[in-house]
Amino acid sequence: MRRRTFLARTASAAVAFGILRDLTACRDNADTTLASSSGASPADREFIGVRDRYFLRVMKLNPVTATYLGGDGYSAALHDVNGKLRDCRANNLDGEAEFYRTTARVLGAIDPDALSPAARIDRQLLGAQVAFMVHQLGDLHSHERSVDTYVVEPVRGLRCQLLQMQAQPHGQLGSEEEWQQVVSRLEAIPRYLKIAGANLELGKGAGNIPDRRMVQRDGIEGSRANAVFCRTTLPAMAARDLGARPFATAMHARLAAAGAGAADAYEQFARLLGTSFNAHETVDRFAVGEKEYTWRVRQCLRDPRSVEQLYEDGGKQVALYEAKIVEAAQEVARDARLGLRFGTPAEQRASVHAVITHLSGDTPKSDDELFGWYRDAGSRAVAYARAHALFDIPAAYRLLDVEPTPPMLRGAIDVAYAPAPAFAHGDAGRLYLTPTGDDPAALALRSRASVTHAAVAHAAVREGFPGREWLYTGMRDRAAGISNIRWFTPGAVADSSSMWGDAMATEGWGLYSEALMAEPAAGSPADFYTPAERLYELREQLLRAVLMRVDVGLHTGRMTYDQAKDYVAEHASFAPGACAAAHRDSAARAICEQAERAVYRSSKWPTRAITYTAGQRAIVALREAYQARRGSAYAVARFHEVLMAMGPIPTGYFREQFLTSSA
């Protein structure tokens with residue numbers, strides 16, 4: 001893998017302070033979000049120094065996040081980061097909290113009015129990141145209860161390393177140095193988990209206790225699964241990818257030994273969780289409360305709405321999309337001559353469910369056919385977007401091919417886009433689809449309009465073109481103009497420690513893309529989707545609205561856990577009463593289990609579920625305001641170009657500048 005080389009430059013401002021004093025300010029030599037140091041204003045130069053020192057420091061503090069972003073391509077100072085894990089000792093985290101407080105004080109001394117527009121955006125973002133981490137470490141002591149972070153972070157780091165390895169001759173992967181870093185990170189796991197256990201015991205003593213569901217699922221079950229990965233899956237993969245190179249035999253032996261040690265540590269961690277916490281207690285400990293939820297929405301996601309407004313808006317969106325789905329289901333039922341009734345609300349729900357069941361019969365005969373469906377949907381999407389000038393698509397653009405999901409990720413994803421590391425030069429993202437091995441039973445679940453798996457057309461649009469793959473490609477093409485901190489994910493990449501600001505941008509874009517392809521377009525009286533595909537695109541919009549209401553409800557006391565399950569089953573699956581009937585009806589049980597999984601994700605990741613709908617609606621609102629400003633000069637493709645150039649951050653950070661510069 002070729003890494004992007006970033007040239008070191010030193011900002012000539014008096015910004016050396018405290019814990020940052022020894023760091024070199026590293027930044028992209030082509031960064032055009034701010035003027036170069038030599039031509040920037042004194043205020044911008046000062047801020048650049050603070051920002052870049054902060055970024056390098058937090059990348060060192062968070063090795064797995066640095067691996068995810070390709071940090072070793074950002075600075076030579078991060079060369080060894082892929083062999084490390086975060087140092088979560090309590091006294092070290094106290095030092096981190098002080099570092100963030102110091103950064104906040106220095107940042108507060110910089111007058112935002114003296115900064116360029118781009119620097120003001122970055123100052124807001126940096127302030128929000130620092131405030132989030134001070135709150136997490138100093139106020140909430142999240143490290144005393146974030147079981148899922150401790151379990152998933154080491155393996156996430158390993159998987160990122162494996163996915164980023166250099167291709168070698170004869171189908172092998174990884175240089176000797178890259179494999180050595182994998183071994184080093186494996187060897188770090190026992191100490192990491194020992195510290196994690198000590199932190200959780202501190203939390204238990206202070207009454208800062210994780211919810212029983214997280215203890216059991218992410219903690220005990222997740223640790224056992226990770227033990228299998230470290231002891232069995234990873235060494236088997238390594239044997240194939242190392243091949244017969246001179247260093248292979250010794251390296252494989254070291255990796256197997258380190259994997260066994262890591263597996264033992266995970267198994268011990270699972271036992272500790274089982275004895276330290278009561279996985280059968282009846283107390284619910286997931287809700288963060290209205291005050292905390294409001295703070296996260298406004299501080300992290302930059303959404304000005306109140307909790308009550310979010311909750312009500314979720315309900316309105318649910319009602320809106322339910323009505324649209326009924327209309328779409330009627331069209332499908334009429335075309336298929338199903339003879340269904342749509343008179344009363346009860347008939348509508350039953351008939352929508354019947355239409356969904358009918359559509360699930362269109363299944364692939366093989367994995368080749370399944371992959372062909374996704375490729376065809378992607379090609380259709382590109383042709384449609386070109387025909388209607390939705391994007392400025394280069395003539396040479398080639399749709400990213402759909403690849404089989406690597407074995408280490410199977411079971412975790414169905415279809416998903418894995419972006420290339422932000423700071424890796426020459427790498428490309430991957431669009432993965434998990435194959436079935438031509439298993440008839442598994443293929444039967446993978447219909448074009450699957451209920452349990454992502455329906456083909458909208459999944460191809462959301463994850464491929466013009467969804468997340470197109471977004472990340474566009475942002476990487478404009479990487480010279482997107483500052484370092486706009487790529488950063490404070491707290492963790494994706495778990496209960498995450499700030500989730502990037503999800504507001506990227507998941508919001510994915511849902512926006514699905515809806516964009518259904519909007520009326522000149523010369524197209526319908527839209528990109530067939531009637532059946534349109535039904536499932538609407539169902540995805542409905543699901544996200546349902547989960548928005550559930551997420552707010554769960555964490556602010558407006559819904560109990562069981563009420564949330566019933567709500568999801570009724571409004572997302574059109575199966576009211578499914579959970580009550582689960583003990584006697586296998587179909588109802590499957591629906592209830594699916595609803596419960598969705599509710600659990602919301603319970604452990606507050607504000608995560610709302611980023612889809614809230615992010616999408618923020619993009620639409622910005623587009624409408626942009627169109628009003630531009631008038632006859634408005635072009636939707638230009639809007640998308642300018643939006644991509646802002647990077648993966650919520651629109652709330654740049655809305656005013658975006659509209660002012662577009663006037």
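Checked for salt-bridge contact, Glu469 and Arg430 miss the test: no charged N lies under 4.0 Å from a carboxylate O. Between Glu267 and Arg231 there is a salt bridge, since at least one side-chain N of the basic residue sits less than 4.0 Å from a carboxylate O of the acidic one. Note on Arg105 versus Glu98: salt bridge recorded, some NZ/NE/NH1/NH2 to OD/OE distance being below 4.0 Å. Salt-bridge annotation for Arg156 and Glu153: absent, with no side-chain N of the basic residue lying under 4.0 Å from a carboxylate O of the acidic one. Salt bridge absent: Asp148 and Lys604 never bring a charged side-chain N and a carboxylate O closer than 4.0 Å. Between Glu96 and Arg57 no salt bridge is recorded (no basic side-chain N to carboxylate O distance below 4.0 Å). We find that Asp122 and Arg486 are joined by a salt bridge, their nearest charged nitrogen and carboxylate oxygen being less than 4.0 Å apart.
Atom-to-atom distance recorded for Ser146:OG and Met214:CE is 7.0 Å, nearest 0.5 angstrom. For the atom pair Asp264 CG and Ile189 CD1, the distance stands at 11.5 Å (nearest 0.5 Å).
Arg476 and Thr473 form no side-chain donor-acceptor contact under 3.5 Å, judged by distance and modelled atom types alone. Checking Glu201 against Ser276 by side-chain atom types alone, a donor-acceptor pair falls below 3.5 Å.
Ring centroids of Trp179 and His252 are separated by 6.0 Å or more, keeping the two rings apart. Ring centers of Phe55 and Phe423: under 6.0 Å apart, within the cut-off.
Ring geometry, Trp295 versus His135: the interplanar angle falls from 30° to 60°, so the pair is classed tilted.
No more than 12 heavy atoms of other residues, nucleotides or ligands shown are found within 6.0 angstrom of NZ on Lys84.
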